[in-house]
Amino acid sequence: MPPWGAALALILAVLALLRLLSPRLRGPWGRAVGEGTLPGAQDRDDEEADGGAPGDQFSDRSEPLPGGCSLVCKPSALAQCLLRALRRSAALEPGPRSWLSGPHLQTLCHFVLPVAPGPELAREYLQLADDGLVALDWVVGPCVRGRRITSAGGLPAVLLVIPNAWGRLTRNVLGLCLLALERGYYPVIFHRRGHHGCPLVSPRLQPFGDPSDLKEAVTYIRFRHPAAPLFAVSEGSGSGLLLSYLGECGSSSYVTGAACISPVLRCREWFETGLPWPYERGFLIHQKIALSRYATALEDTVDTSRLFRSRSLREFEEALFCHTKSFTISWDTYWDRNDPLRDVDEAAVPVLCICSADDPVCGPPDHTLTTELFHSNPYFFLLLSRHGGHCGFLRQEPLPAWSHEVILESFRALTEFFRMEERMKGLSRHRASFLGGRRRGGALQRREVASSSNLEEIFSWKRSYTR
């Protein structure tokens, strides 16, 4: 049997098991795994016809979009720009119903199916300050004729892609890289220590929300492409690393815009509550297999017997980072240092989060998404759809996942918005200098003009997001 046949058989077996156990397989959210948040909503066409928002908490302050989606955000000039771009997006238009419309199929096809022949990758290993290694996979092919340059000034933008925290390179990540390459980006995939063939040369792994390794990788990318705009996309649990980086670095992140696909926002609760057991066991087994090759190297710092006997993702995380042989920290202290939203108020980059109401891994949006974050922070935008599973958002072949199209369209809208802001700021400077040249009669007037010009320098950039 070919590899894809074995993977398809595995998917069908898991789906049959999920269907068999669905009356009992109730997750921590009080509903069967994969059920929608709308009571009585069974058919996709019926759901889209009613025009309501996918989540009850978000429906009062959300903007409707095509395909039964909605945008939740704080009103601002940037929000209006993004809203216009999304309403024009053909990717959100409802298409013919696919056999991939179920949340479990969307999720399992994404994680279980073998990776098809993907892009050509050129790997670089980056040695870190503590002598550890991370890997950067630059997407160099296949070369596509008629590549479109997407950034202002004709400089191709760099797209930094962060996979999930388990280190698995999925079909959708490679699909996003291929689409981005076609649209004129330079995609590069960041791999953590020990992930996806990156050697673990020191007995230290990267905690869930520690952005120190990512900081050094971004510094290197900026060194290679100093004038190119930088965008970032994360997948699933990998969003914890990206959000930690944006919050910790603030306005010095060098990132123009970011997007998170099916992000895990309440990470501690996600670990403590646990996932529906087929997904919990699957992610746990994948991590154990990946770390088994480094068991000897980790023996001096980690209780490997406890690590490989762990029965949940929380036990695995505690054994790996909290109860080590060199030092021990509490579970509370670990999340004080690694919660992705610990410095979210410092983030100064527009972030688009794409989530689905039927996500079987994260759970329903009413319980797993931070409502106040999107209602109060002008930098965070939530695109909430009815369907898509976890990191799926698949359409009929050969179309790419619609989330990829939306992300790249939103980045293009951000580029245009910033270009217009720079143009308006340049006109404001010209006007201030012109008025200053005509006001040479009095020192007081000159001081007033200089003061006004300085105020525009300080406040014009911030005001563009919040007016």
Side-chain angles (χ1 to χ4, degrees), residues 2-4 7 109-127 133-151 154-164 166-200 213-214 216-236 238 241-242 255 258-259 261 286 290 391-395 397-409 411-412:
W4 63 266
C109 286
H110 168 63
F111 281 103
V112 177
L113 281 182
V115 177
E120 300 173 18
L121 304 177
R123 170 158 291 196
E124 288 185 312
Y125 292 106
L126 179 63
Q127 187 171 17
L133 283 182
V134 295
L136 295 175
D137 281 342
W138 294 89
V139 180
V140 295
C143 297
V144 181
R145 294 182 180 180
R147 291 180 64 195
R148 290 178 284 173
I149 303 300
T150 58
S151 60
L155 290 173
V158 176
L159 182 67
L160 175 62
V161 181
I162 302 175
N164 55 71
W166 323 133
R168 178 171 176 78
L169 194 59
T170 59
R171 294 168 59 91
N172 274 9
V173 165
L174 295 178
L176 172 62
C177 291
L178 282 173
L179 184 62
L181 186 69
E182 179 184 340
R183 299 292 172 85
Y185 291 84
Y186 284 151
V188 56
I189 306 172
F190 172 80
H191 295 291
R192 312 184 196 208
R193 306 172 186 227
H195 283 187
H196 200 69
C198 179
L200 186 66
D213 292 355
L214 185 59
E216 296 190 49
V218 170
T219 301
Y220 174 72
I221 293 172
R222 291 286 299 172
F223 172 77
R224 281 197 55 172
H225 300 276
L230 176 63
F231 294 91
V233 179
S234 60
E235 177 195 50
L241 180 59
L242 177 58
V255 176
I261 304 174
H286 175 77
C391 301
F393 307 103
L394 302 176
R395 297 183 290 181
E397 295 289 345
L399 295 174
W402 64 259
S403 57
H404 302 168
E405 295 272 4
V406 167
I407 287 172
L408 297 183
E409 289 172 1
F411 288 166
R412 183 176 182 180

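These numbers come from a predicted model, not from an experiment.
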Next item on the list: Please lay out, stage by stage, how I221 and W138 fare under the test side chain to side chain contact (heavy atoms under 4.5 Å, CB included).
Entry: CA-CA 11 Å; I221 293 172; W138 294 89; 4.3 Å; yes

Note to self: If I compare all heavy atoms of A217 with all of L136, which pair ends up nearest, and what's the gap?
What the structure shows: CB-CD2, 4.4 Å

Checklist line | Shortest non-hydrogen contact between A259 and L242, atoms and distance | finding: O-CD2, 3.9 Å

Next item on the list: Name all residues meeting the ring pair (Phe, Tyr, Trp, His ring centres under 6.0 Å) criterion together with F393; count only those two or more places apart in sequence or in a different chain, and write none if there are none.
Entry: W402

Next item on the list: Can you measure from CG (L159) to OH (Y186) and round to the nearest 0.5 angstrom?
Entry: 13.5 Å

Next item on the list: Could you list the residues that satisfy side-chain contact (heavy atoms from CB on, under 4.5 Å) with E405, not counting sequence neighbours?
Entry: A91, L179, R183, R395, P400, E409

Notebook entry, point to check: Quick one: salt bridge (charged side-chain N to carboxylate O under 4.0 Å, His left out) pairs with a partner in residues 218-231, sequence neighbours left out?
Noted result: E124-R224

Next item on the list: Would you name the heavy atoms of P199 and Y125 that are closest together and state the gap between them?
Entry: CD-CE2, 3.4 Å

Check: Taking N172 for the side chain and C391 for the main chain, is one N or O donor matched with an acceptor at less than 3.5 Å?
Finding: yes

Margin query: Determine whether a donor-acceptor pair (N or O, by modelled atom type, separation under 3.5 Å) exists between the side chain of D213 and the backbone of R193.
Written below: no

Checklist line | Residues in side chain to side chain donor-acceptor pair (under 3.5 Å) contact with N164, at least two apart in sequence or another chain | finding: E235

Item checked: Those residues that, when tested against S403, pass side chain to side chain donor-acceptor pair (under 3.5 Å) (two or more places apart) -> none

Item checked: Nearest-0.5 Å distance that lies between atom CG in L241 and atom CZ in R192 -> 4.5 Å

Checklist line | Listed partners of A228 passing side-chain contact (heavy atoms from CB on, under 4.5 Å), at least two apart | finding: V158, H225

Check: Which residues pass the ring pair (Phe, Tyr, Trp, His ring centres under 6.0 Å) test with H195, sequence neighbours left out?
Finding: none

